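The structure presented is a predicted model; accordingly, all values stated were derived computationally and were not measured. In the text below, chain A, chain B and the rest are named by the order of the sequence lines, each starting its count at 1.
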Amino acid sequence: MKIETRPAGTATILVLSGEVDLRHSPNLRKALMELMLEKRAVAVDLSGVEYIDSSGIAGLVEAYQMARKNGTRFVLAAISDPVRRVLQLARLDRVFTIADTVETALEG
Amino acid sequence: MPSPLPETDSASHLDLIVEMTGDFAHSHDVEATLRLGLERIAERVGAEAASLFLTDEETGELVCRANMGPVDVIGLRLPPGTGIVGRTVDLGVPQLVKDTRRDPDFAGAVDAATGFETRSILCAPMAVRGRRLGAIELFNKKGGTSFSLTDSRLLQALAASSALALINAMLVADMAEQQGLKRELELASEIQRAMLPGPQPDQSPIHGINLPARGVSGDFFEILPLSGGRLAFAVGDVSGKGMNASLLMTKTASLFRCLAKREDGPGRILAAIDSELHETRLAGMFVTMAAGVLDPASGKVVLANAGHEPPLLFRDGVFTPIEGDMPPLGIAPELFEGGCPETEIELDGGTLYLFTDGLTEARVAGGDMLGPEGARRMIRDAAALPAGERLEAVVRSLDDTGSLRDDVTLMVIEDRRPAGFERRYPARPEELAAIRAAVGRTVRALGCGETMAGDMVLAVDEACQNIIRHAYKGEAGDIVLRLDRENDRLVIRLMDFAPAVDVAKIQPRPLDELRPGGLGTHLMRSIMDHVDFLAPPAGIGNLLQMVKRIDPT
């Protein structure tokens with residue numbers, strides 16, 4: 001698993017890639033929580049995620065809940081097939097805001 | 001009592017015999033050697049002309065094969081018993097005719113035709129052990145006198161040694177012809193072997209081997225890929241031995257290769273071969289043959305048998321013969337009109353053996369036949385070897401007994417579907433990547449399609465996380481993962497050695513309750529058809545079983 005962040009105007013883009021499993025998901029959760037404390041809009045680029053399990057999804061769910069509490073924007077963007085499959089199985093595909101690309105994620 | 005030859009003459013006559021024998025021994029051209037020998041004899045005895053006649057074994061005629069003198073009569077054929085030469089051959093003793101005008105047997109026809117004037121004749125038979133080969137005939141002693149008794153004895157000796165040399169030369173020619181035939185047989189055998197399938201790759205589910213007892217074989221086997229990964233196979237045995245059997249074998253094998261791709265199923269293939277064989281009138285020859293089609297993906301074999309040794313299914317240490325009641329091919333066309341009945345066999349981890357009677361009828365030490373029991377024992381003894389080597393081991397042990405009387409052909413058809421996977425992993429997050437890789441690999445090999453394989457990886461990962469977090473609670477321990485295909489279902493079993501968990505605590509969360517925890521169990525339940533904690537066997541803490549119908553797409 002690899003995490004990179006980069007600013008995009010007032011927002012932050014978090015690029016997640018590789019395999020997100022129990023071994024790595026604590027790092028993802030930590031990175032997401034730090035971003036949430038900044039109370040800025042966040043787009044998570046998931047195009048490079050080859051595998052994600054429930055612990056990785058749990059980190060995204062927690063971030064989503066904090067963003068809602070803060071009233072900030074939290075968008076999943078360019079989700080890869082493995083991510084889409086897990087979101088579908090968990091019936092979370094209609095809970096998250098999902099954008100086709102990172103560019104469109106922070107519009108509107 | 002004939003007077004002995006003068007000493008000096010006797011020695012030089014001996015030289016001549018030695019020389020002629022040497023000529024015969026070294027020359028491959030019998031005609032040329034005969035001519036040279038005849039010239040030497042004529043010169044030594046002092047004759048104006050000489051002819052060498054050999055008996056035509058078919059007609060009994062005497063044929064002039066060598067000639068010396070003013071008139072060429074090579075190729076002249078005399079009916080049996082004709083002339084002085086005929087009398088010599090019939091009586092088997094030399095004939096000395098000092099004045100031909102006084103011998104009623106003298107045939108003047110040649111003289112009349114050629115203008116040669118025959119005054120005297122000396123003729124000696126060429127015979128070996130009662131076999132009348134012909135005679136050497138000398139005409140007109142040089143110097144105007146007649147042939148003497150001494151000449152007669154000399155010619156008798158020379159003719160006898162020529163006869164011996166001729167017999168030897170004929171034997172050598174026979175041998176050369178037999179060598180030629182043998183080479184042809186070897187060539188035919190080589191061609192035939194080249195037609196049989198070569199060694200199959202190790203991973204092939206079908207392997208075959210053929211050991212011809214003599215030059216050419218009446219046995220054959222075939223392994224052919226069909227559409228959809230299926231394999232057609234056949235083992236056959238042509239009645240009789242030698243060249244005829246091997247030609248019929250070649251025809252039958254070719255028919256199988258053509259028809260296997262066209263006909264649907266081994267029953268139709270055998271019926272079509274039967275029909276073709278009748279078209280070509282076999283004069284009492286027939287073919288026993290077992291043919292089938294294997295679907296390696298399902299382990300299913302469809303088998304048809306025309307008068308062949310029943311194939312043996314070997315499973316869980318037990319042999320089961322697959323009997324058939326159809327006659328061999330080429331005998332009763334009316335019985336094959338409705339096709340040849342087929343038997344469906346689920347290999348189910350078992351192995352099918354096809355063979356010819358050369359295996360069961362092979363002689364073992366002591367002279368007894370190996371028999372069906374002996375054949376089974378041999379197969380069982382070699383069972384641990386990989387298929388290709390197993391066949392070689394069985395055939396080699398037959399050959400070792402040194403009394404192979406018939407061709408031996410042996411084929412093995414195995415269920416090569418991956419066996420269940422079982423492995424023990426430490427219950428740590430760092431192991432999950434390796435577990436996922438193993439699951440992905442195994443379930444694909446067991447027939448799961450890509451989507452299902454991805455889901456199975458996720459389900460196992462989630463189950464392992466539960467064990468790590470809820471069963472061992474961070475303590476060290478092991479997870480045993482087992483994956484099996486049971487008919488059309490994938491069965492996943494996860495065992496741990498932790499205290500039994502309270503199943504209620506890891507029930508999935510209600511879906512409308514949006515919170516991070518409990519998601520793993522929910523994923524497992526949405527993916528699998530069944531997720532159940534089973535009563536664990538002794539020594540096992542928890543046994544989780546997950547089942548999913550296999551989707552190959």
Side-chain angles (χ1 to χ4, degrees), chain A residues 1-3 16-33 35-36 44 46 48-70 74 76 79-98, chain B residues 425-440 449-474 479 506 508-529 531 546 548 551:
Chain A
M1 187 190 78
K2 201 165 138 192
I3 298 171
L16 184 63
S17 60
E19 297 200 321
V20 186
D21 67 0
L22 187 61
R23 182 180 182 187
H24 304 288
S25 55
N27 295 336
L28 171 64
R29 181 177 177 275
K30 189 160 156 266
L32 285 169
M33 291 307 108
L35 278 181
M36 289 304 119
V44 184
L46 295 164
V49 174
E50 293 153 16
Y51 175 82
I52 190 163
D53 70 354
S54 63
S55 68
I57 296 292
L60 295 175
V61 167
E62 203 175 347
Y64 166 78
Q65 288 172 324
M66 280 187 75
R68 245 191 6 181
K69 214 165 80 185
N70 296 339
F74 182 80
L76 305 185
I79 58 179
S80 64
D81 286 344
V83 177
R84 185 182 306 279
R85 177 69 181 150
V86 178
L87 290 178
Q88 279 169 356
L89 286 168
R91 312 266 173 93
L92 290 170
D93 48 341
R94 279 181 292 182
V95 172
F96 286 108
T97 309
I98 298 172
Chain B
Y425 295 92
R428 291 204 309 260
E430 293 77 14
E431 295 293 328
L432 291 171
I435 292 172
R436 289 198 301 272
V439 171
E450 276 311 300
T451 307
M452 179 170 175
D455 286 355
M456 294 307 104
V457 167
L458 182 62
V460 172
D461 186 322
E462 296 296 345
C464 289
Q465 289 185 44
N466 279 346
I467 293 172
I468 293 169
R469 298 203 290 195
H470 303 303
Y472 287 116
K473 298 185 168 70
I479 299 172
I506 51 167
R509 62 169 171 76
L511 274 178
D512 52 2
E513 189 186 322
L514 188 59
R515 59 174 178 82
L519 190 56
T521 304
H522 169 68
L523 287 178
M524 287 154 56
R525 290 201 186 275
S526 7
I527 289 168
M528 305 303 298
D529 295 337
V531 179
M546 303 192 285
K548 175 83 175 174
D551 177 3

Atom of A/Ala90, atom of B/Leu519 and distance for their closest heavy-atom approach: CB-CD1, 3.6 Å
Atom pair CG/CD1 of B/Asp461 and A/Ile52 - distance to nearest 0.5 Å: 11.0 Å
Minimum heavy-atom distance between B/His522 and A/Leu89, given as atom pair plus value: NE2-O, 3.1 Å
Interface residues of residues 21-31 of chain A facing chain B - heavy atom cut-off under 4.5 Å: A/Asp21, A/Leu22, A/Arg23
Partners passing side chain to side chain donor-acceptor pair (under 3.5 Å) against B/Asp455 (at least two apart in sequence or in another chain): A/Arg85
Side chain to side chain donor-acceptor pair (under 3.5 Å) partners for A/Glu19, two or more places apart: B/Arg436
Contacting region of B/Glu430 [heavy-atom separation from chain A under 4.5 Å]: both
For A/Gln88, all residues meeting side chain to side chain donor-acceptor pair (under 3.5 Å), sequence neighbours excluded: none
Interface moiety of B/Leu458 toward chain A, non-hydrogen atoms closer than 4.5 Å: both
Rounded distance (nearest 0.5 Å) linking atom CD of B/Glu450 with atom CG of A/Asp81: 11.5 Å
